Amino acid sequence: GQTHELLAAHSPKMFKTSQRFWSVVFTGEGAEDVGGPFREHLTEMCNELMSDALPLFVPTTNNKSNIGNHRDCWIPAPNKNKPIHLAMYEFIGRLMGGAIRANEPLNLYLPGVVWKGLVNQPTDRQDLENVDKMLVQVLCHFEQVDDDGMTEAIFNNIFATETFTTQLSDGETVDLIPNGRNIPVTFERLPEYVQLVEQTRLRESEPQIEAMRKGLTSVVPYYLLMLMTWKELEIKVCGRPDFTVKELKEWTTYENISKDDRRVEFLWQVLEQFSPSNRRKFLRFVSGRERLPVKLRVIPMNTRDNPDNYLPKAATCFFALELPDYSSASVMEDKLNYAITHCLDIDTDFRAREFDENEGPAIEVDENRQQEEDDEMTLDMEVDDSRQSDEDFEDFFT
């Protein structure tokens, strides 16, 4: 969308950094981008990609039917293969590479068939079942017609209208063989039909995935990408979609407050009771992102009167959470629930920027900060230096 339009002309080098790729100003909100607005922008961009707001991804059949595994997944739209579409998929691949380098997880919900395609690993029927369970059930039934006692006459009677076609994830019906829609599936050709359907569906988004891989390898060297399994790549790009309170505690530091303070104890009690969805909302409230890693900083809030009258305050740029000294865990739960649900605008850094309806969207890229060569980059997530050698880059995988 707008982000691609504004940044498509920039070199992939803009993503070869451990710092944020661009700076953001939200119209009508008061926020100085020291990281929080940038992460909020990434989150909103990914939310649009994983929705009907943009045409690049469509919900999997399991998503639409609410059955099987991975019901929250989206897949590249098979029919979006024009040059402009492929350029957008390539940009998404670059963004993935930048997410790995900068340790900025993206809340993308993609099935294994996409991640396997990005690292050139073979797919199988289980991958298809994770996208379209009902189709796999039908294919399995076709493979077992002899065991089920179905004769050729019965098959031809039941499936008389079946032709050599299949429906893709975006709803388009395609021929499996030339003129397939006019060729009936016979009892003898059933194994051929099953094989063609499986192969076609597993490869339905191949051009789009190839474009994403092209963008990804323009930021992350191909030979290093091939060292990863598809699951490792998913975690490096997207982080953890869910987390335990114990895991968040391991990333948390305390400033001017003890970890034994009742405010801290109330916080962990409340988060333990939160659903996975609300825990993601909490992460977004304190960091602008919905997935780990988040190095949370807990800080006491000084209040002039009754602390129960105050909401918690977050500084997303610094992963900081200020907590009033609430009288009970119940009060903290009410206040925190309200904050993570209703307080998403980043508007307390300074006076909110006035809105000019004639002003177009803008993103600022610091060209002077961008890296010059591949051998100056790193994927090492544990260090802050944004200019490192290929040796450090390779050590990340060994």
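Atoms considered below: every heavy atom in the structure, side chains included; atoms not considered: hydrogens, waters and symmetry mates. Since the structure is predicted, the reported quantities are computational estimates derived from the model, not experimental observations.
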- Are Phe15 and Phe91 close enough, and set up right, to give a ring-ring contact (aromatic ring centres under 6.0 Å, His included), and what steps lead you there? CA-CA 10 Å; Phe15 293 105; Phe91 182 82; 5.7 Å; yes
- Side-chain donor or acceptor of Trp115 paired with backbone N/O of Leu110 under 3.5 Å: yes
- Message: Given 3.5 Å as the limit, does a donor-acceptor pair link the side chain of Asn278 with the main chain of Asn337, or not?
- Response: no
- How many angstroms lie between CE in Met301 and CG in Leu321, if you round to the nearest 0.5 Å? 8.0 Å
- Query: Should we count CG of Asn302 as having more than 12 external heavy atoms under 6.0 Å?
  - Reply: no
- Flag yes if more than 12 heavy atoms outside Arg125 fall under 6.0 Å of its CZ atom; otherwise flag no. yes
- Could you tell me whether a side-chain N or O of Arg213 sits under 3.5 Å from a main-chain N or O of Gly117, the two making a donor and an acceptor? yes
- Query: Is there a donor-acceptor pair closer than 3.5 Å between any side-chain N or O of Gln121 and the backbone N or O of Met228?
  - Reply: yes
- Message: Using only atom types and a distance under 3.5 Å, with no angle test, would you say the side chain of Asn156 pairs donor to acceptor with the backbone of Ala153?
- Response: no
- Task: Decide if atom NZ of Lys133 counts as having more than 12 heavy atoms of other residues, nucleotides or ligands within a radius under 6.0 Å.
- Result: no
- Are the side chain of Asn62 and the backbone of Arg71 linked by a donor-acceptor contact shorter than 3.5 Å? no
- Message: Under a plain distance cut-off of 3.5 Å, with no hydrogens placed, do Ser275 and Ser277 share a side-chain donor-acceptor pair?
- Response: no
- Query: Would you say Lys259 has more than 12 foreign heavy atoms packed within less than 6.0 Å of its NZ?
  - Reply: no
- Task: To the nearest 0.5 Å, tell me how far Glu162 CD sits from Arg189 CZ.
- Result: 13.0 Å
- Could you give all pairs that pass the ring pair (Phe, Tyr, Trp, His ring centres under 6.0 Å) test and reach residues 55-83, with sequence neighbours left out? Phe57-Tyr89
- Looking just at side-chain N and O atoms, do Asp175 and Thr165 make a donor-acceptor pair shorter than 3.5 Å? no
- Note on the structure: One should read off an interatomic distance between Gln273 CD and Trp268 CH2, to the nearest 0.5 angstrom, of 14.0 Å
- Message: Taking CG in Asn256 as the centre, count heavy atoms belonging to other residues, nucleotides or ligands within less than 6.0 Å. Is the count above 12?
- Response: no
- Query: Any chance the rings of Phe274 and Phe282 have centres within less than 6.0 Å?
  - Reply: no
- Derivation and outcome, salt bridge (charged side-chain N to carboxylate O under 4.0 Å, His left out), residues Arg262 and Glu265: CA-CA 5 Å; Arg262 71 173 184 174; Glu265 293 179 349; over 6 Å; no
- Task: Assess whether salt bridge (charged side-chain N to carboxylate O under 4.0 Å, His left out) is satisfied between Lys236 and Glu232, documenting all intermediate values.
- Result: CA-CA 6 Å; Lys236 290 185 187 302; Glu232 289 171 337; over 6 Å; no
- Task: Inspect the contact between Glu250 and Lys246 and indicate whether a charged nitrogen and a carboxylate oxygen are less than 4.0 angstrom apart.
- Result: no
- Within the distance-only criterion (no hydrogens, no angle test), does the side chain of Asp132 pair as donor or acceptor with the backbone N or O of Leu135 below 3.5 angstrom? yes
- Can you label the angle between the His141 ring and the Phe159 ring as parallel, tilted or perpendicular, going by 30° and 60°? tilted
- Message: Would the distance check show the side chain of Ser205 and the main-chain N or O of Gln208 forming a donor-acceptor pair, the cut-off being under 3.5 Å?
- Response: no
- Rounded to the nearest 0.5 Å, how far does CD1 of Ile340 lie from CZ of Phe285? 8.5 Å
- Have Glu204 and Ser169 got a donor and an acceptor in their side chains that come within less than 3.5 Å? yes
- Query: What is the minimum heavy-atom distance between Val113 and Ile209, and which atoms define it?
  - Reply: O-CD1, 4.1 Å
